[in-house]
Amino acid sequence: MTRKVGLLLGGLIAAACLLLAGIAWASNALTVHEAFTPDKLGAPTNLSITAQFTSTTGGPPSPIAKLTLYAPAGLGIDARGAGTCAEIALQLHGPSACPANSRVGFGGGVGLIEFPKQTIRERYTIDFFFAPREHGHLALLAYASAVAPVLVELTVIAKEVPAPKPYGLGFSVEIPPISTLPGATLASVESAFATFGSPDVAYYETVHGKRTLVHLKGVAVPKRCPSGGFPTEGIIDFADGSTLTVNPTIPCPHG
């Protein structure tokens with residue numbers, strides 16, 4: 001793969017709500033802010049997340065190698081009415097090759113390309129799509145791209161994985177080493193944001209002869225909130241061998 005970009009797929013189906021978490025391990029640090037909109041038990045919702053990476057050594061953070069995310073028990077992903085996108089089509093032709101009703105979210109951020117005497121910041125975008133199920137399990141495609149100063153593209157797949165108690169849903173994604181320009185280090189991530197769910201994901205279809213805007217149900221808040229809030233976990237493995245583990249508890253919705 002010759003055209004690539006560093007990105008964070010963090011927050012991919014990680015359940016969240018108005019939450020601020022700051023955690024440091026080894027030379028990397030992470031601050032995350034997440035939200036449900038609307039924040040109501042059992043309701044279809046939009047999940048948004050922003051993340052800021054820093055390095056305690058003063059340089060760019062280490063590149064991300066793997067993400068594993070566990071959402072609370074009861075968090076649902078309703079894909080009824082959604083299409084799927086083929087990985088090879090996305091790789092060859094980009095987001096335009098995917099059916100409109102396969103889209104599940106959007107995102108972006110700032111990647112870092114470090115040279116001996118300077119660090120270049122490059123903005124990137126991310127598009128998320130439903131992929132065909134694998135052995136009955138959910139799979140999601142993420143397509144990241146950037147234009148300047150380097151034209152880059154990357155497609156990765158997040159696969160559903162078993163989640164230990166007290167979690168209910170898990171996803172894991174591996175991110176390959178990302179080379180960009182001669183003389184530069186592997187690309188890393190400074191910041192990222194993503195949004196998933198019904199308020200921001202919609203498509204047009206013909207219903208009773210009329211062109212109608214249809215919203216995917218997508219992510220749904222659990223119907224019950226355990227005492228103390230929803231437990232979640234995110235594990236980020238970096239290329240330098242360090243690991244960040246975030247164990248935030250999401251407060252129960254008000255009302």
Side-chain angles (χ1 to χ4, degrees), residues 8-26 28-54 64 66-80 82 104-107 128 130 133 136-140 158-173 191-201 215-238 242-255:
L8 169 69
L9 295 180
L12 192 60
I13 311 308
C17 107
L18 293 178
L19 155 73
L20 187 65
I23 298 216
W25 185 271
N28 302 300
L30 168 65
T31 300
V32 180
H33 181 267
E34 302 169 317
F36 276 141
T37 308
D39 185 12
K40 183 179 179 181
L41 292 177
T45 190
N46 185 74
L47 182 157
S48 63
I49 179 170
T50 60
Q52 185 78 30
F53 284 86
T54 57
I64 299 168
K66 183 179 179 180
L67 276 163
T68 303
L69 299 141
Y70 299 123
L75 182 107
I77 300 178
D78 189 344
R80 288 176 295 178
V104 70
F106 311 85
F128 300 99
F130 286 111
R133 287 178 176 264
H137 299 293
L138 284 171
L140 301 172
K159 300 181 179 181
E160 185 179 354
V161 296
K165 291 183 178 182
Y167 312 111
L169 182 68
F171 277 86
S172 183
V173 57
S191 64
F193 72 90
T195 180
F196 308 88
S198 56
D200 288 342
V201 182
H215 287 270
L216 291 179
K217 289 186 177 180
V219 179
V221 180
K223 295 181 179 180
R224 297 180 180 180
C225 187
S227 176
F230 298 113
T232 68
E233 180 168 298
I235 304 169
I236 304 175
D237 296 319
F238 294 91
S242 64
T243 300
L244 285 178
T245 300
V246 183
N247 295 101
T249 298
I250 302 172
C252 295
H254 296 293

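Count residues from 1 along the sequence.
- With contacts defined as side-chain heavy-atom distances shorter than 4.5 Å, the pair Phe171/Leu67 does not qualify.
- In this structure the side chain of Pro72 never reaches within 4.5 angstrom of the side chain of Cys225, judged on heavy atoms.
- Going from atom CD of Glu160 over to atom CG of Leu169 covers 5.5 Å, rounded to the nearest 0.5 Å.
- When every heavy atom of Val104 is checked against every heavy atom of Leu140, the shortest pair comes out as CG1-CD2, 4.3 Å.
- Judged as a side chain to side chain contact (heavy atoms under 4.5 Å, CB included), and not counting sequence neighbours, the contacts of Lys66 are Thr68, Ser172, Glu174, Asp237.
- Phe128 approaches Gly107 most closely through the heavy-atom pair CE1-N, 4.3 Å.
- Contact annotation: the side chain of Thr245 approaches that of Glu233 to within less than 4.5 Å [non-hydrogen atoms, C-beta and beyond].
- Phe230 and Pro253 make their closest contact through CE1-CD, 4.1 Å (heavy atoms, listed as atom of the first residue, atom of the second, distance).
- Atom CG in Leu75 sits 10.5 Å away from atom OG1 in Thr232 (nearest 0.5 Å).
- Taking CZ from Phe130 and CG from Leu138, the interatomic distance works out to 7.0 Å, rounded to the nearest 0.5 Å.
- Qualifying side chain to side chain contact (heavy atoms under 4.5 Å, CB included) partners for Ala163, counting only residues two or more places apart in sequence or in other chains: Tyr70, Tyr167.
- Scanning all heavy atoms of the two residues, the minimum distance from Pro222 to Leu41 falls at O-CD2, 3.3 Å.
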